[in-house]
Amino acid sequence: MDRGALIVFEGCDHSGKTTQCKRLVELLEQKRIPVQQFRFPDRTTAIGQMINSYLSNKQDIEDHAVHLLFSANRWELVPKMKVLLEAGTTLIVDRYAYSGVSFTAAKEGFSIDWCKQPDCGLPRPDLVLYLNLRPDAAAKRGNFGNERYEQTDFQAKVMKNFHLLKESYWKEIDADKTEDDLAAELGEIVLNCIPTVRERPIEKLWC
Ligand code: Z5A
Ligand code: MG
């Protein structure tokens with residue numbers, strides 16, 4: 001059986017990751033390509049609920065511990081992701097381990113190397129679509145909300161970290177476009193990618 005593609009969205013705050021994931025799922029469904037959407041953190045699981053109460057400032061969790069929880073939240077979904085990929089379903093994933101590393105490594109006393117360790121061995125994406133948006137363009141799309149991490153200085157450190165994580169399978173996309181133009185560009189890239197991975201084994205991240 002041909003496998004599905006593992007497509008990950010990462011990028012700046014307000015760059016349109018969640019909006020474009022939804023558009024892409026709709027496009028693939030229209031074309032009758034098997035597809036399923038994932039989102040990290042997945043706040044529906046028991047671990048995800050702890051992360052949710054941390055992000056919404058209802059609970060403090062020690063920085064190392066919460067990093068491991070974000071990673072555990074990915075690992076708990078891996079068996080389901082693998083079964084779907086191997087059955088030919090393409091997965092559209094809203095944030096992944098790159099967010100995990102970039103956010104924690106923006107905190108005092110954390111190295112990129114330490115932050116990568118818990119996510120070593122996750123299924124490696126076939127394609128990372130990194131949506132780039134200048135801070136002034138992002139600001140026009142609304143202010144930060146009330147969640148932890150939603151501050152300008154911290155987000156600037158996060159962006160620097162993302163750039164240190166770029167790999168050959170990343171595509172950097174200028175996200176300062178209308179929703180429709182961006183959806184058309186991303187749709188074409190993803191439709192071209194899916195057939196190229198069919199017979200490739202699923203690789204391991206950072207191993
Ligand atoms: N985090 C972590 O620390 N460790 C981890 O391992 C992981 C995550 C996985 C919650 O993530 C936090 O968890 C996040 C990282 C951390 N902290 N921060 N900051 P989240 O995924 O739940 O975050 P979010 O609330 O979805 O925000 P976002 O991802 O930054 O936004 P977005 O998905 O990129 O954008 P959007 O929701 O699609 O669009 C934003 C707004 O812009 C909205 O009003 C849209 O209608 C509008 N929009 C969208 N596209 C356009 C275009 N093209 N033009 C104009 N306006 C647009
Ligand atoms: Mg989002």
Side-chain angles (χ1 to χ4, degrees), residues 4-30 33 35-43 55 70 73-74 77 81 90-106 112 115-116 119 122-145 147-194 196-197 205-206:
L6 178 54
I7 314 276
V8 166
F9 276 80
E10 290 280 11
C12 317
D13 202 70
H14 293 331
S15 57
K17 299 179 290 297
T18 301
T19 306
Q20 293 300 328
C21 280
K22 190 166 164 273
R23 294 283 301 253
L24 198 48
V25 169
E26 286 165 4
L27 174 76
L28 299 190
E29 281 172 349
Q30 265 171 26
I33 296 172
V35 62
Q36 193 151 326
Q37 190 176 343
F38 283 78
R39 175 179 195 169
F40 293 111
D42 179 335
R43 304 186 197 214
L55 286 171
F70 274 110
N73 185 229
R74 285 182 279 280
L77 270 303
M81 291 170 76
T90 286
L91 308 186
I92 306 299
V93 183
D94 190 353
R95 295 191 188 270
Y96 200 51
Y98 314 97
S99 280
V101 172
S102 298
F103 277 79
T104 304
I112 295 249
C115 293
K116 279 176 155 180
D119 286 306
L122 283 179
R124 199 204 81 172
D126 297 298
L127 176 65
V128 174
L129 295 164
Y130 182 83
L131 304 190
N132 226 335
L133 191 65
R134 290 188 326 277
D136 58 315
K140 286 188 195 143
R141 295 186 183 180
N143 295 320
F144 286 122
E147 286 209 323
R148 207 182 282 264
Y149 302 147
E150 295 189 328
Q151 300 130 21
T152 312
D153 293 358
F154 189 78
Q155 294 279 339
K157 288 186 197 156
V158 172
M159 291 314 124
K160 277 193 189 151
N161 291 336
F162 269 125
H163 288 282
L164 296 173
L165 295 175
K166 277 185 208 161
E167 307 256 8
S168 56
Y169 52 88
W170 284 43
K171 260 194 196 309
E172 213 173 316
I173 311 285
D174 176 8
D176 193 8
K177 298 185 174 84
T178 66
E179 220 183 284
D180 285 350
D181 284 352
L182 195 51
E185 183 177 345
L186 295 167
E188 193 182 338
I189 294 170
V190 170
L191 289 173
N192 285 332
C193 169
I194 293 171
T196 67
V197 310
L205 182 66
W206 297 326

Student: Ignoring hydrogens, what is the shortest heavy-atom contact between C115 and A105? Give both atom names and the distance.
Tutor: SG-N, 3.8 Å
Student: Of all the heavy-atom pairs spanning Y96 and L122, show the shortest one and how long it is.
Tutor: OH-CB, 3.7 Å
Student: Output the distance between atom CG (D180) and atom CZ (R23), rounded to the nearest 0.5 Å.
Tutor: 4.5 Å
Student: If you measure from CG on L186 to NZ on K177, what distance do you get to the nearest 0.5 Å?
Tutor: 8.0 Å
Student: At what distance, to the nearest 0.5 angstrom, does OH of Y149 lie from OG of S102?
Tutor: 11.5 Å
Student: Measure the shortest side-chain to side-chain distance between R134 and D176 over non-hydrogen atoms and say whether it is less than 4.5 angstrom.
Tutor: yes
Student: Heavy atoms, side chains only, cut-off 4.5 Å: are I194 and T90 in contact?
Tutor: yes
Student: Out of curiosity, R124 CZ to L6 CG, how far, rounded to the nearest 0.5 Å?
Tutor: 9.5 Å
Student: F9: which residues meet the ring pair (Phe, Tyr, Trp, His ring centres under 6.0 Å) condition with it, sequence neighbours left out?
Tutor: none
Student: Quick one: does R39's side chain get under 4.5 Å of T18's, heavy atoms only?
Tutor: yes
Student: I need the minimum non-hydrogen distance between D94 and C21, along with the two atoms involved.
Tutor: CB-SG, 3.8 Å
Student: Output, in order, the C-alpha distance, side-chain angles, deciding distance and verdict of side-chain contact (heavy atoms from CB on, under 4.5 Å) for M159 and C12.
Tutor: CA-CA 7 Å; M159 291 314 124; C12 317; 3.7 Å; yes
Student: I need the L164 CG to I112 CD1 distance, nearest 0.5 Å.
Tutor: 5.0 Å
Student: Does this structure show an ion pair linking R43 with E147, if we count only N-O contacts that are shorter than 4.0 Å?
Tutor: yes
Student: Applying side-chain contact (heavy atoms from CB on, under 4.5 Å) to F144 and D13, what does each step give before you reach the verdict?
Tutor: CA-CA 9 Å; F144 286 122; D13 202 70; 3.2 Å; yes
Student: Looking at E26, I want to see if its CD is surrounded by more than 12 non-hydrogen atoms of other residues, nucleotides or ligands under 6.0 Å.
Tutor: yes
Student: Do Y98 and K116 pass the side-chain contact (heavy atoms from CB on, under 4.5 Å) test, and can you show the C-alpha distance, the side-chain angles, and the key distance before you say yes or no?
Tutor: CA-CA 9 Å; Y98 314 97; K116 279 176 155 180; over 6 Å; no
Student: For K166, enumerate each residue passing the side-chain hydrogen bond (donor to acceptor under 3.5 Å, both in side chains) test, keeping only those at least two apart in sequence or located in another chain.
Tutor: H163, E172
Student: Could you tell me how the ring of F40 sits relative to the ring of F38: parallel (under 30°), tilted (30 to 60°) or perpendicular (over 60°)?
Tutor: parallel
Student: Is there side-chain contact between W206 and E167, with heavy atoms separated by less than 4.5 Å?
Tutor: yes
Student: Looking only at non-hydrogen atoms, find the nearest pair between L205 and A97 and report the distance.
Tutor: CD2-CB, 3.7 Å
Student: Rounded to the nearest 0.5 Å, what's the gap from CG on D174 to CG on L131? Could you check?
Tutor: 9.5 Å
Student: Taking all atoms of both residues into account, what is the closest heavy-atom pair of I7 and C193, and its distance?
Tutor: CD1-SG, 4.0 Å
Student: Between S99 and E10, do the side chains contain an N or O donor and an N or O acceptor separated by less than 3.5 Å?
Tutor: yes
Student: With side chains defined as the heavy atoms from C-beta onward, is the minimum distance between F70 and V101 less than 4.5 Å?
Tutor: no
Student: Any side-chain heavy atom of L27 sitting closer than 4.5 Å to one from L191?
Tutor: yes
Student: Taking the side chain as everything from C-beta on, heavy atoms only, tell me whether K171 gets closer than 4.5 Å to V128.
Tutor: no
Student: What are the two closest non-hydrogen atoms of S15 and A175, and how far apart are they?
Tutor: O-CB, 3.6 Å
Student: Give a yes or no answer on whether the side chain of H14 reaches the backbone of A139 with a donor-acceptor pair at less than 3.5 Å.
Tutor: no
Student: Are more than 12 heavy atoms, taken from residues, nucleotides or ligands other than D181, located less than 6.0 Å from that residue's CG atom?
Tutor: yes
Student: Evaluate side-chain contact (heavy atoms from CB on, under 4.5 Å) for L133 paired with R141, printing each intermediate quantity in order.
Tutor: CA-CA 11 Å; L133 191 65; R141 295 186 183 180; 3.6 Å; yes
Student: List in chain and number order the residues that pass ring pair (Phe, Tyr, Trp, His ring centres under 6.0 Å) with F162, two or more places apart in sequence or in another chain; answer none if no residue qualifies.
Tutor: Y130
Student: Would you say that I92 contacts L28 through its side chain, given a criterion of any heavy-atom pair below 4.5 Å between the two side chains?
Tutor: yes
Student: Going by an N to O cut-off under 4.0 Å, is there a salt bridge joining R74 and D42?
Tutor: no
